[in-house]
*Asks:* 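Next up is a structure, given as C-alpha cells.
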Amino acid sequence: MWTFRAMNTEITITAPALSEADERQLAADAAQLFAETERRFSRFREDSELSALNRASQPIVVSPELLELLLAARRHAADTAGLFDPAIGAALVTAGYDRSFSPGALDRDAPILNPPTAPSEDLAIDEHARRVTRPHGLQLDFGGFLKGRTVDRAAATARGAIVVDAGGDAMLRGSGVDGAGWLVDVEDPWDARATVATLRVRDRAVATSAPNRRRWRAGSEQAHHLIDPRTGTPSRSDLAQVTIVAPTAERADVMAKAVFLLGAADGARFVVGRDDLGAVLVTRTGDTRAVGDVELAHA
Amino acid sequence: MTETQREWRLYIVAAVAGVYVLAWSQITPTLRAKAPAAQPRAVWLDDLPREQRPAVLPPAGWRVADRSQVVAPVPRRVPAPSARIRTRSS
C-alpha cells in the first residue's frame, strides 16, 4: 500500500497482486495523474484552465479534457434534476469557501447574503468548436466529482485487484483479501473513531458526503460545502451523512451529494429507483439505514 | 397563343418545377453528408506535437508552462497496510 497527498486529501493505492516495484510504479503514475488533474482543474489555482474559464468574459476554446468534464457534469446534472451542479462555485465563494479548506481558516463574521443560483445549463457549449461561453457571474467548481473521476482513471490504469482511496471516495476492484469483497467501514459522522456500518464491496466504488469536516462559521451560523443549487446556500438537509455504492467513484460522489440534498425520505426513494445504487443514510437524529443495492458485512 | 396552349404551358412549367424540387430534395442530403467536417479552429499548444508548436514569446517575467512540469508528490510506502478502507466525507 502506498500513499501520497493530492487535492487536499490523503490518497492510498493498494494492488495486492502486484510486486512491490509494480505497485510503487502504479502509485507514482497515480500521483502524477492527480497532480496534473489538480493543476488543470482546481478553482483554487490561478493558473488552472478552470480558473481561466471562470475569469473569461468572452467565449473561449477549452481543451478536450475540460470539454469532456463539462459534458460529463452536464449529464450528471440532468440525471439529478440539477441537484448536482458544478455552477455552485460562486455560491461557495459567497458562503466563504474562497480558498483551499483548512479548519478555522474560512471563519468570518459576515453572514451569507444574496447567494447566486445561476445553473450550469446557462453555460453555452459548442462541442464541435470546443467553445464555451460563460454567463457573467457563473463560477464552476468540480469538487468531489473531479476527485471521483480521477480515482476511476487511476484505478483503470491497473489490471486485476486494486483499491484507489481518496479520503473516502474509493474504487475497489476485485474481491478483497478473503475473496468475499473488500471491507469498507462507514465512519460515524459525530465520532471519527467509530463506525456506523461495514460494507462488502466488489468491483464497485464508494463515496461519502457529510458537512461534518468542511464547515466554518459565517456570522452567527455554521456554513458547509454542501451547497444546494436550488437556494445557493449550504443545505439544511435532515441527513447527517450519505454513503453511496455505485459502479464508479464519479457516480458515487455525484449521487452522494444529490441524495444528501434530497433528505432522508426522498433520498431513499431516489436510491431505490436506480438499480446501480446502494446507500447508507445517517439522519441528524442518529438513525442509520441501508437502502438499495448495498451489502452489509456481519462481524 | 390560344387559351388551351397557355394552360398547357403552365402545366408544363409546373411539372418541370416539381421535378426540379423533387430532384434537389433527393440530392441535398447526399451533398450534406459528403461535406467535410469543419476543422477545430483553435488548439491548445500542448495538444500539438512538439515539432509543430509555433514559437511563442511571452512578455518579460512570464514563461510558457508545460503539463510535464507538474511536480507530482512522491508516494511513500505504508509498512502495515490495512485490509479494509474507511469511507467518510473529506
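FYI, side chains are in, hydrogens and waters are out, and symmetry mates aren't considered; it's all heavy atoms of this structure. Computed from a prediction, not measured in an experiment: that's the story for all the values here. Below, chains carry the letters A, B, ... as their sequence lines are ordered, and counting in each starts from 1.
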*Asks:* Check each atom of A:Glu23 against the heavy atoms of chain B and say whether the ones under 4.5 Å are side chain, backbone, both or neither.
*Replies:* neither

*Asks:* Heavy-atom distance under 4.5 Å between the side chains of A:Thr12 and B:Val78, does that happen here?
*Replies:* no

*Asks:* Counting heavy atoms not belonging to B:Ile12, are there more than 12 under 6.0 Å from its CD1?
*Replies:* yes

*Asks:* Counting only non-hydrogen atoms closer than 4.5 Å, does A:Arg214 touch chain B with its backbone (N, CA, C, O), its side chain (CB onward), both, or neither?
*Replies:* side chain

*Asks:* Does any heavy atom of chain B fall under 4.5 Å from the side chain of A:Val184, the backbone, both, or neither of them?
*Replies:* both

*Asks:* Any chance CH2 of B:Trp8 has more than 12 other-residue heavy atoms, nucleotides or ligands included, within less than 6.0 Å?
*Replies:* no

*Asks:* Roughly how far, to the nearest 0.5 Å, is CZ of B:Arg86 from CG of A:Leu183?
*Replies:*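 Answer rounded to 0.5 Å: 12.5 Å.
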
*Asks:* Around atom CZ of A:Arg45, are there more than 12 heavy atoms of other residues, nucleotides or ligands at under 6.0 Å?
*Replies:* yes

*Asks:* Any chance CD of B:Gln5 has more than 12 other-residue heavy atoms, nucleotides or ligands included, within less than 6.0 Å?
*Replies:* yes

*Asks:* Looking at A:Arg202, I want to see if its CZ is surrounded by more than 12 non-hydrogen atoms of other residues, nucleotides or ligands under 6.0 Å.
*Replies:*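 Atom CZ in A:Arg202 is packed in, count exceeds 12.
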
*Asks:* Can you tell which part of A:Ala30 gets under 4.5 Å to a heavy atom of chain B, answering side chain, backbone, both or neither?
*Replies:*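 Contact with chain B is absent: no heavy atom of A:Ala30 under 4.5 Å.
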
*Asks:* Which answer fits A:Val163, side chain, backbone, both or neither, if we ask what part of it has an atom under 4.5 Å from a heavy atom of chain B?
*Replies:*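 The side chain, not the backbone.
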
*Asks:* Relative to chain B, which segment of A:Thr243 carries a heavy atom at a distance below 4.5 Å: side chain, backbone, both, or neither?
*Replies:*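 Just its side chain gets close to chain B.
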
*Asks:* If you look at every heavy atom in A:Ala31 and B:Pro75, which pair is closest and at what distance?
*Replies:*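 Closest pair (atom of A:Ala31, atom of B:Pro75, distance): CB-CG, 4.1 Å.
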
*Asks:* Check whether A:Thr195 gets within reach of chain B through its side chain, its backbone, both or neither, counting any heavy atom under 4.5 Å.
*Replies:*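 Both backbone and side chain.
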
*Asks:* Side chain from CB out, backbone as N, CA, C, O: work out which of these in A:Leu33 comes under 4.5 Å of a heavy atom of chain B, or both, or neither.
*Replies:* neither

*Asks:* Quick one: pull up CZ in B:Arg84 and CG in A:Leu172 and give me the separation to the nearest 0.5 Å.
*Replies:*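 With rounding to 0.5 Å, CZ (B:Arg84) is 12.5 Å from CG (A:Leu172).
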
*Asks:* For chain B, which candidate among A:Glu20, A:Glu38, A:His225 shows the most heavy-atom pairs at distances under 4.5 Å?
*Replies:* A:Glu20

*Asks:* Less than 4.5 Å apart, any side-chain heavy atom of B:Ile85 and any of A:Val206?
*Replies:* yes

*Asks:* Please check if the side chain of B:Thr87 supplies one atom and the backbone of A:Gly168 the other of a donor-acceptor pair under 3.5 Å.
*Replies:* yes

*Asks:* With a 4.5 Å cut-off on heavy-atom pairs, point out which of A:Arg24, A:Met7, A:Arg213, A:Glu49 contacts chain B the most.
*Replies:*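 So the answer, after comparing A:Arg24, A:Met7, A:Arg213, A:Glu49, is A:Arg213.
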
*Asks:* Could you have a look at A:Thr198, A:Thr208, A:Val177, A:Val186 and say which one has the most heavy-atom pairs with chain B under 4.5 angstrom?
*Replies:*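 Top count of heavy-atom pairs under 4.5 Å with chain B: A:Thr208.
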
*Asks:* Return yes when atom CD of B:Glu51 has more than 12 non-hydrogen atoms of other residues, nucleotides or ligands closer than 6.0 Å, and no otherwise.
*Replies:*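 Yes - once you tally the heavy atoms of other residues, nucleotides and ligands closer than 6.0 Å, there are more than 12.
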
*Asks:* Please classify the contact of A:Ala166 with chain B as side chain, backbone, both or neither, using a heavy-atom distance under 4.5 Å.
*Replies:* backbone

